[in-house]
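Note that these values count all heavy atoms, side chains included, but never hydrogens, waters or copies made by symmetry. Ligands are counted one by one from 1 in listed order, and the atoms in each one are counted from 1 as well.
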Amino acid sequence: MLDAERLAILTESAKYDVSCSSSGSKRTNVKGGLGNASVGGICHSFTPDGRCISLLKMLMSNACLYDCEYCPNRQSANVRRTSVTPDEICELTINFYRRNYIEGLFLSSAVFDTPNRTMELLCETVIKLRKVYGFNGYIHLKGIPHADDALIMRAAKFVDRMSFNVELPSEKSLKLLAPQKTKDSLLLPMKKLNNAILYDKENKVRTGNRVIPAGQTTQMIIGASPESDGQILRLTESLYRKMGLKRVYYSSYVPVVQSPKLPASGAGLLREHRLYQADWLIRFYGFDVAEICEEGENLSVEFDPKCHWALKNMHLFPVEINTAPLEMLLRVPGIGARGAYRITNARKYGKLDFDNLAKMRIILKRAKHFITCKGKFYGSESGNAVKAALLLDGIKESREQLSIFSDASVALSALSGEI
Ligand code: SF4
C-alpha cells in the first residue's frame with residue numbers, strides 16, 4: 001500500500017503542472033463499474049501555487065533521468081525520490097473516489113526509465129483502472145516525449161484527455177533549458193492524436209469508444225525564457241488551429257530552481273493573466289493574434305488586451321448598439337460574449353437604451369466610451385480622456401480588490417481566476 005510520505009512526494013512534485021483543467025467528457029457508468037465523467041466536465045479551481053483541486057494529481061515517479069533546467073524533479077536536483085506501481089495508483093484512485101475526495105485522476109510522470117518503459121507503465125495503469133477496477137471516472141494522462149506512437153495511441157483509447165507539454169515557447173529555448181526534449185517529440189504526438197480525434201469524428205465513432213473524448217491540452221512556461229507575449233500568442237494560435245487543442249495553459253515561471261540559465265525572479269501572475277485574456281479573445285471573440293500584439297511585443301500591463309485594442313482603434317467607435325454587427329459588439333470593452341449575444345437577441349424586439357444594457361449586465365462605465373444607444377453618447381470625447389477614464393477605473397477596481405484581499409499577490413491570483 002502506498003504510504004503517506006511517498007504520496008506527499010509525488011503529489012508535491014506534480015503541483016507545478018497546470019494543464020489539467022478538464023471538461024467536455026462523457027463517460028457513463030456501466031453495470032459493475034464505478035463512477036462516471038459528465039458532459040459538463042469537472043469544475044476545477046487552482047490554488048495560487050498551481051495545485052489543481054478535485055482531481056488526484058500525482059506523478060508515477062519523480063526520479064527523472066532528464067535534466068530540464070527549470071524543473072525541481074530534474075536528474076541533478078537534490079530532492080527525495082520515489083515511485084509507485086500501477087496497482088498502487090489504481091487502489092489509491094478507487095479509494096479516494098469511493099470516499100468522494102476526487103472526481104478523477106491526473107497522472108503524469110518523470111521519465112524514470114526509457115521513454116517507452118515509462119509510457120508502458122502509465123498505459124498499464126490506465127488500462128487496469130478501466131478494465132480491472134472498472135473505473136469510469138475522468139482520467140487525464142500526460143504523454144511521455146519520445147515514447148512510441150503505438151503506446152501513446154493505446155493509452156489514448158482509455159483516457160479522457162491527454163497532454164504533451166510544449167514547455168517553452170521556442171525551439172531555441174527548449175534546446176537550452178530542456179535539452180533531452182525536442183520540438184518533434186512534443187508536437188508529432190499531438191498531431192497524431194488530433195488526426196485520431198478527427199477520424200473518430202468523421203466516422204461518427206460512438207462517444208464511449210472515441211480516443212481522448214475531452215481532447216488535448218498543453219502548458220507553456222512563461223518568463224523562464226526571453227520570448228515575448230507576441231511570440232507566445234502566435235504559437236498558441238497555431239496550436240489551436242493545427243492541433244485542435246482544447247486549451248493552452250500558461251504557467252508563470254516560479255524560480256524554485258537556481259540556475260545561471262534562468263531568470264532570478266518569476267514572471268508574475270499579471271503577465272499570465274493578460275495571456276489568458278488574449279487567449280480568450282483569440283478563441284471566442286474572433287481576434288487575430290496580429291490585432292492583439294506585434295510579434296516582438298508584450299501585452300499591455302495597464303489595459304486588458306481588448307481595451308488596448310479599442311484604444312488603438314478609436315476611429316472605429318462609437319458603434320450604435322441597435323445596429324452594430326455581432327462581430328463589432330464583441331470588440332467593445334465592457335461587452336462580453338454573453339452580453340453581445342443578449343443584445344443581438346433583445347434588439348429583435350425593440351430598440352435598446354442604456355437602461356436595457358444595464359439590466360443585461362453590460363459594464364457601462366467601460367462600454368459607454370465606445371457605444372451610442374439610440375444615437376445618444378455618454379462617453380469621453382477624446383482618446384486621451386477615454387484612456388484616463390479607463391485607467392482611473394482600473395485603479396479603483398484594484399483598490400477594491402486589495403481591500404478585500406490582504407495582499408497584492410492574492411488579489412492578482414483572484415483576477416486570474418485562481419482562488
Ligand atoms: S522530463 Fe523534464 S520537466 Fe519532466 S520531470 Fe523530467 S526534468 Fe522535469
F303: what forms a ring pair (Phe, Tyr, Trp, His ring centres under 6.0 Å) with it, not counting sequence neighbours?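 Ring pair (Phe, Tyr, Trp, His ring centres under 6.0 Å) list for F303, sorted by chain: empty.
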For V159 versus R130, what's the shortest heavy-atom pair and its separation?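 Nearest pair, atom of V159 first, then R130: CA-NH2, 4.1 Å.
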Under 2.8 Å from atom 6 (Fe) of ligand 1, protein N/O/S atom count?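 Under the 2.8 Å cut-off, the count stands at 1.
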Does the pair M314 and V386 meet the rule for a side chain to side chain contact (heavy atoms under 4.5 Å, CB included), with working shown? CA-CA 10 Å; M314 286 305 281; V386 175; 3.7 Å; yes
Starting from atom 3 (S) of ligand 1, locate the nearest protein heavy atom and write down its residue, its atom name and how far away it is, to 0.1 Å.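 Here the closest protein heavy atom is K181 NZ, 3.6 Å.
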Less than 6.0 Å separating the ring centroids of Y97 and F135?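 So the answer is yes for these two rings.
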S380 (side chain) donor-acceptor with S382 (main chain) under 3.5 angstrom: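 The answer is no, because no donor-acceptor pair under 3.5 Å joins these two groups.
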Are side-chain N/O atoms of D279 and Y250 paired as donor and acceptor at under 3.5 Å?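 Present: a donor and an acceptor within the cut-off.
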